[in-house]
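Only one structure is covered here, and it is reproduced in the block below.
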Number of protein chains: 2
Amino acid sequence: MYFCFMYSFTEENYLKAIYKLQEQSNLAINTNAIASVIQTKAASVTDMVKKLSEKKLLKYEKYKGVELTQLGKKIAIDTVRKHRLWETFLHKKLNFAWDEVHDIAEQLEHIHSHELIDKLDEFLGFPSHDPHGDPIPGRNGVIQQNNFILLSELMIGEAGIISGVVNHSAIFLKHLEKNDLVLGKKLLVQEISAFDQLVKVLIDDKLQQQLSSEVVRNILVKKLTE
Amino acid sequence: MYFCFMYSFTEENYLKAIYKLQEQSNLAINTNAIASVIQTKAASVTDMVKKLSEKKLLKYEKYKGVELTQLGKKIAIDTVRKHRLWETFLHKKLNFAWDEVHDIAEQLEHIHSHELIDKLDEFLGFPSHDPHGDPIPGRNGVIQQNNFILLSELMIGEAGIISGVVNHSAIFLKHLEKNDLVLGKKLLVQEISAFDQLVKVLIDDKLQQQLSSEVVRNILVKKLTE
DNA sequence: ACATATTTTTAGACAAGTCTAAAAATATTT
DNA sequence: AAATATTTTTAGACTTGTCTAAAAATATGT
Ligand SMILES: [Mn+2]
Ligand SMILES: [Mn+2]
Ligand SMILES: [Mn+2]
Ligand SMILES: [Mn+2]
């Protein structure tokens, strides 16, 4: 096994972070934002960004921010693909809870081997989504975008299937699991309190539960039309 | 997930290399030997060995060589355990050929997570041997030693089950596979040429084949007594 | 438009790990 | 036992990635 060209863990992490920031806002990506994602200092980001620019992975103009090149974006998406496939493996095959997979996948995503990731993909049956409902990019780099909406956007009387989360923190995921709010559950919105915004939902046509606005703003559902 | 204490890839590789050298000869381990295994220079080994000594992972005396401490040995064995479990996963679950697993496992063995390796072990059904017949250390660090012998040690009329290899090179493994000399096959020694040492064997009571002395000296068998 | 606050970059240092070339220690010959 | 050869260590430099503190650029308020 040899590597066409290999990027370091650090480089991949920077590219992934910039890619995610680029996705979630069309504004220029500034060094402080990157620093906060990577958990490092802005000065370090400036250094690194210069090197990535040298390597044609992104375009960098002093004081203006950065933008990934096609190549940089490809590496980033590839890293996301690996991350989500590994998360799926950990959850589906090794029975890790959905709040336990992320940190281990952060390490596994940097293993370099195309054959490995292709075979893993096949072994998992070419899954389309990871344990958190996030789409898994294909080996061509195409990401099929979800059309999920926030649970908080559902009107009274409308229903949806839990399909993803906005907040990925372990504490939130654990909380959802404890309350049986896992992927695939059907939720029917029955009542929204005018006073404290608590949302009363019916889970899978059986159990009734009250959800805080914090919770409903962080659950993504596939709206059921009918 | 947090790590009790984490050793770097490099440190783990040094410990593993020293451990393997320690196993295969009772002599003191000198820096050149380590350098040749790690694929580096003796000067670099000296530097590293000093640091590992600081960290109580090995005992080092200038010009005398090194010896692992209990802690160092534990880390090394743990790394071997991870390596062999991952090799088993790659071979059994992802259908990699036995000559393709080593290089990827060299990367995977450095993923830090006890839960991960325990769950992987369970997922694989607590295998006792890796795809090359090498024993997989238990989570307690105990390695159940093989009592395999070289195929070259079998006398005419004796039989054995292929159970391991001495040479782990991809070219040798590929050659064995091509000739159907894989783990589990039964070999009966029928003839040893006095002239060129070629060994005529009967594979699984069916196929006759001539093996070079290079081959018979690199196959390990479990002798069948009867 | 000018002063102030914020963000970003530079300068210089540090840690891990590696290298080459030279010096020191050990081993082998004669 | 001295001379030579080999092995091992040191010295000093380099790379990657990080940091702090100071300087420079940009943004904001009046
Ligand atoms: Mn994740
Ligand atoms: Mn995920
Ligand atoms: Mn191996
Ligand atoms: Mn092996």
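Reminder, nothing fancy here: chain letters follow the sequence lines and each chain counts from 1.
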Quiz prompt | salt bridge (Lys or Arg N to Asp or Glu O under 4.0 Å) evaluation trace for A/Asp118 with A/Arg81 | solution = CA-CA 10 Å; A/Asp118 288 343; A/Arg81 170 173 158 77; 3.5 Å; yes
Quiz prompt | Shortest non-hydrogen contact from A/His110 toward A/Glu106 | solution = CD2-O, 3.0 Å
Practice problem: Please report, rounded to the nearest Å, how far the P atom of D/dT16 is from the NZ atom of A/Lys51. | Solution: 7 Å
Quiz item: What's the CG-P distance between B/Leu27 and C/dT26, to the nearest Å?
Solution: 18 Å
Practice problem: Nearest-nucleotide wise, let me know which of B/Tyr60 and A/Tyr14 is further upstream toward the 5' end of DNA chain D. | Solution: B/Tyr60
Exercise. Classify the nucleic acid contact of B/Thr31 as base, sugar-phosphate or nothing, counting any heavy atom under 4.0 Å across all strands shown.
Key: sugar-phosphate
Quiz item: Contact class for B/Phe9 vs. all strands (heavy atom < 4.0 Å): base, sugar-phosphate, or nothing?
Solution: nothing
Self-check item: Heavy atoms of other groups near B/His129 NE2, more than 12 under 6.0 Å
Solution: yes
Quiz item: From D/dT9, C/dT10, D/dT16, pick the nucleotide closest to the side chain of B/Ala42?
Solution: D/dT9
Exercise. Check every atom of D/dC19, C/dT18, C/dT9 against the side chain of B/Thr10 and return the nucleotide holding the closest atom.
Key: C/dT18
Quiz item: Of the nucleotides D/dT10, D/dT18, C/dT9, which one has an atom closest to the side chain of A/Thr40?
Solution: D/dT18
Exercise. Rounded to the nearest angstrom, tell me the gap between atom CG in B/Asp47 and atom P in C/dT18.
Key: 9 Å
Practice problem: For A/Glu11 and D/dT18, give me the distance from atom CD to atom C1', rounded to whole Å. | Solution: 15 Å
Quiz item: Does A/Lys93 make a cation-pi contact with A/Phe123, if we ask for NZ or CZ under 6.0 Å from the ring centre and within 45° of the axis?
Solution: yes
Quiz prompt | Per A/Tyr63 side chain, nearest of listed nucleotides C/dG17, D/dA25, D/dT9 | solution = D/dA25
Practice problem: Output yes when at least one side-chain N/O atom of B/Ser44 is less than 4.0 Å from OP1 or OP2 of C/dT18, else no. | Solution: no
Practice problem: Please check if the side chain of A/Gln22 supplies one atom and the backbone of A/Leu68 the other of a donor-acceptor pair under 3.5 Å. | Solution: yes
Quiz item: Please give, in whole Å, the distance from D/dT15 C1' to A/Lys55 NZ?
Solution: 11 Å
Quiz item: Which of the following nucleotides, C/dC19, D/dA24, C/dA24, is nearest to the side chain of B/Lys41?
Solution: C/dC19
Quiz item: Can you tell me how far C1' of D/dT15 sits from CE of A/Met48, to the nearest Å?
Solution: 12 Å
Quiz item: With sugar-phosphate meaning primed atoms plus P, OP1 and OP2, does A/Lys64 contact a base, only sugar-phosphate, or nothing at under 4.0 Å between heavy atoms?
Solution: nothing
Practice problem: Tell me what B/Lys62 touches on the nucleic acid: a base, only sugar-phosphate, or nothing, going by heavy atoms under 4.0 Å. | Solution: sugar-phosphate
Practice problem: Nearest whole angstrom, please: distance from the P of C/dT7 to the CD1 of A/Ile34. | Solution: 15 Å
Quiz item: Under 4.0 Å between a side-chain N or O of A/Ser8 and OP1 or OP2 of D/dG17?
Solution: yes
Quiz item: Rounded to whole angstrom units, what separation is found between the CD atom of B/Glu61 and the P atom of C/dA25?
Solution: 15 Å
Quiz item: Which of the following nucleotides, C/dT7, C/dT20, D/dG17, is nearest to the side chain of B/Ala43?
Solution: C/dT20
Quiz item: Above 12 or not: heavy atoms from other molecules or residues under 6.0 Å from NZ of A/Lys73?
Solution: no
Quiz item: Touch check for A/Asn30, heavy atoms < 4.0 angstrom, all strands: base, sugar-phosphate only, or nothing?
Solution: sugar-phosphate
